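For clarity, every value in this text was computed on a predicted model and none was experimentally measured. Sequential numbering from 1 along the given sequence is applied to the chain's residues. In each ligand, atom 1 is the first atom listed, and ligand 1 is the first ligand listed.
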Amino acid sequence: MSIQPVTRLPRGTPQAASPPRLNVARIREDFPILRQKIHGKPLVYLDNAATAQKPQVVLDVVNRFYKTENSNVHRGVHWLSQKATEDYEAARVKVQRFLNAAQAREIIFVRGTTEGINLVAQSFGRAHVRAGDEIVISHMEHHSNIVPWQILCEEKGAVLRVVPISDRGEFLFEEYEKLLNERTRLVSVVHLSNSLGTINPVRKIIELAHSKNIPVLVDGAQAVPHINVDVQELDCDFYTFSGHKLYGPTGIGVLYGKAGLLEAMPPYQGGGDMISSVTFEKTTYNVLPHKFEAGTPHIAGVIGLGAALDYLTAAGLDTVAAHEHQLLQYATEAVQDIAGLRLIGTAREKAGVLAFVMDNAHPHDIGQILDQEGVAIRTGHHCCQPVMDRFGVPATARASLGIYNTKEDIDALVAGLHKVKEMFG
Ligand SMILES: Cc1ncc(COP(=O)(O)O)c(C=O)c1O
C-alpha cells in the first residue's frame, strides 16, 4: 500500500526563509497538565483536534478574573464592572487583530464553532433562505456544519447540496463549480478537516462563490491553531472557531461576520444586552456586536481566550505551523513501516491530523492499547459520519498535533502501534 507523504507546507507557512525553530522544551513547561503520568507513563497528548491543553498564562488569567475582578459586563458603573468590561472588550480587539478583521464590532462571542454556525443558519438563514433555495457544503464537514443546515432546509423547504471529495480526501473543485447556481444562498465549508487533516482551498472557493454573489461561511475550528488566518485576505463573509482548540477555555468561541451582513441579519437570541429599548409594543435592538450577544456572556472565557491568542501569537503561528508540519511528515513516514496500517486522508495540503485504520484491530482497541502506554488519541467517527461512509470504515484512530508535541511523542505513538500490531497481527 502506498502512503502519500505530506509534501506541502500549510498556507501561511513561509517557504523562502525558514521561520525560527520553536523551542518546544520551553513551550512544554508552560503546560502543567503535560507533567502528569498516565498509567505510570508520561502523558503523550495527541488529541489536540478534540481539545488542546491550556498554558499556565491562560489558567492564571481566568483565575485572576474570578479572584479579583469578577463582575458583570456592560451594566455597572462600579469599578469591578468597568474593569471586567474593559478586559472583555480588549479581548474582542485581540480577536480582531488575530483574524485581521476590519472592525472589532465584526467579532461576536459565541459558545464555540457549533454555536457560530447555528447563529448564521438561524439568523442569516431565516432572513434569506426560501423554499427551493440551496445551501452548499462539502462531504468532509463536521456534523456541526451539516445538521444546522439540515434543520434550516427542513424548516424552509430548501435543499442541501454536498461537494464530493476524492480518495485522498480533497475537495473536488470542478464538482463544486457545477453545484453553484442561481438558487444557492450560501456556501459553508471547513478550512481544515478534523477527520482528514485536509486544508481546503478556501480562498478559491470564496472567489468562485463571490463571482456569483453567494456568501461563504468558513468553519475554522481546526484551522486557527495551525494556520495564519486573515479574514480580509480570504474575503470570507463569516468565519467561526472555538477557543478550546486554540489553547483557550472551553465554552467560548468566535463568529466573525462582515459588518454589512451582520447589520442586516435579525437577532439570533433575545434577552439582556442585545436590546436598545424594550416596551411591550416594540423592542429595538442594540448595535453590533451586542445585537448577537444576548444575556451574560462567558466573561472569564473571553478574557482567557484573549490570553491564549497572545500566547499563540508570541510563539508565532508560522513557527508553530512549520514545527507541526515537520512532525506530521515524521509521523507519516514512521507509520509506513507498520504493515496493514492505512492512512485515511492523504491530501497534498494537510496539517495537524494523522487518521488511520489497521487490519484486524478496531480503532477502539487501538485507542485502549495506546492509552495503557500513556498515549492519548481519539477513536470513532470524529463527528464526521459521512467521511467514514465515504472511506468505507466505521471509525478511525486519529492522532492530532499541537504546539507542545515532539518527535518523542510520535515515537511513543509508533511504538504503541507496533504493540497493537503484535497483539492483533
Ligand atoms: C472542523 C470542526 N468544526 C466544528 C467543530 C465543533 O466545535 P465545537 O464543538 O467546539 O463547537 C469541530 C470540533 O471538533 C471541528 O473539528
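For His143 and His381, the distance between ring centers is under 6.0 angstrom.
Listed by number with element, the atoms of ligand 1 under 4.0 Å from a non-hydrogen atom of Lys245 are 7 (O), 12 (C), 13 (C), 14 (O). For ligand 1, the atoms closer than 4.0 angstrom to any heavy atom of Val190 are 1 (C).
Between atom 16 (O) of ligand 1 and the options Gln222, Glu141, His382, the minimum heavy-atom separation is to Gln222. Nearest-heavy-atom check against atom 4 (C) of ligand 1 across Cys383, Gly253, Ser144, Ala50 picks out Ser144. Considering Ser242, Ser193, Cys384 only, the shortest heavy-atom separation from atom 10 (O) of ligand 1 involves Ser242.
A 6.0 Å sphere centred on CZ of Arg21 holds no more than 12 heavy atoms belonging to other residues, nucleotides or ligands. For Arg75, the CZ atom counts as densely surrounded, since its 6.0 Å shell holds more than 12 non-hydrogen atoms of other residues, nucleotides or ligands. Heavy-atom contacts from other residues, nucleotides or ligands closer than 6.0 Å to CZ of Arg28 number more than 12.
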Handout entry: side-chain hydrogen bond (donor to acceptor under 3.5 Å, both in side chains) assessment of His290 paired with Asp273
Key = CA-CA 6 Å; His290 312 295; Asp273 241 25; 5.1 Å; no

Handout entry: Intermediate values then yes/no, side-chain hydrogen bond (donor to acceptor under 3.5 Å, both in side chains), Thr113 and Thr240
Key = CA-CA 5 Å; Thr113 310; Thr240 184; 4.7 Å; no

Problem - side-chain hydrogen bond (donor to acceptor under 3.5 Å, both in side chains) evaluation trace for Gln122 with Asn118 - result: CA-CA 6 Å; Gln122 284 305 309; Asn118 276 280; 5.6 Å; no

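Proximity of Glu115 to ligand 1, defined as any heavy-atom pair under 4.0 Å, is not found for any part of the residue. With a 4.0 Å heavy-atom cut-off, ligand 1 is reached by the backbone of Thr114 and by its side chain too. Of all the heavy atoms of His244, the ones lying under 4.0 Å from any atom of ligand 1 belong exclusively to the side chain. The backbone and the side chain of Thr113 each have at least one atom closer than 4.0 Å to an atom of ligand 1 (non-hydrogen atoms only).
Considering only non-hydrogen protein atoms, atom 1 (C) of ligand 1 sits nearest to Asp219 OD2, 3.5 Å. In this structure, atom 15 (C) of ligand 1 lies nearest to the protein heavy atom His142 CD2, 3.3 Å.
Nearest heavy atom pair, residue Asp235 against residue His210, reads O-CE1, 2.9 Å.
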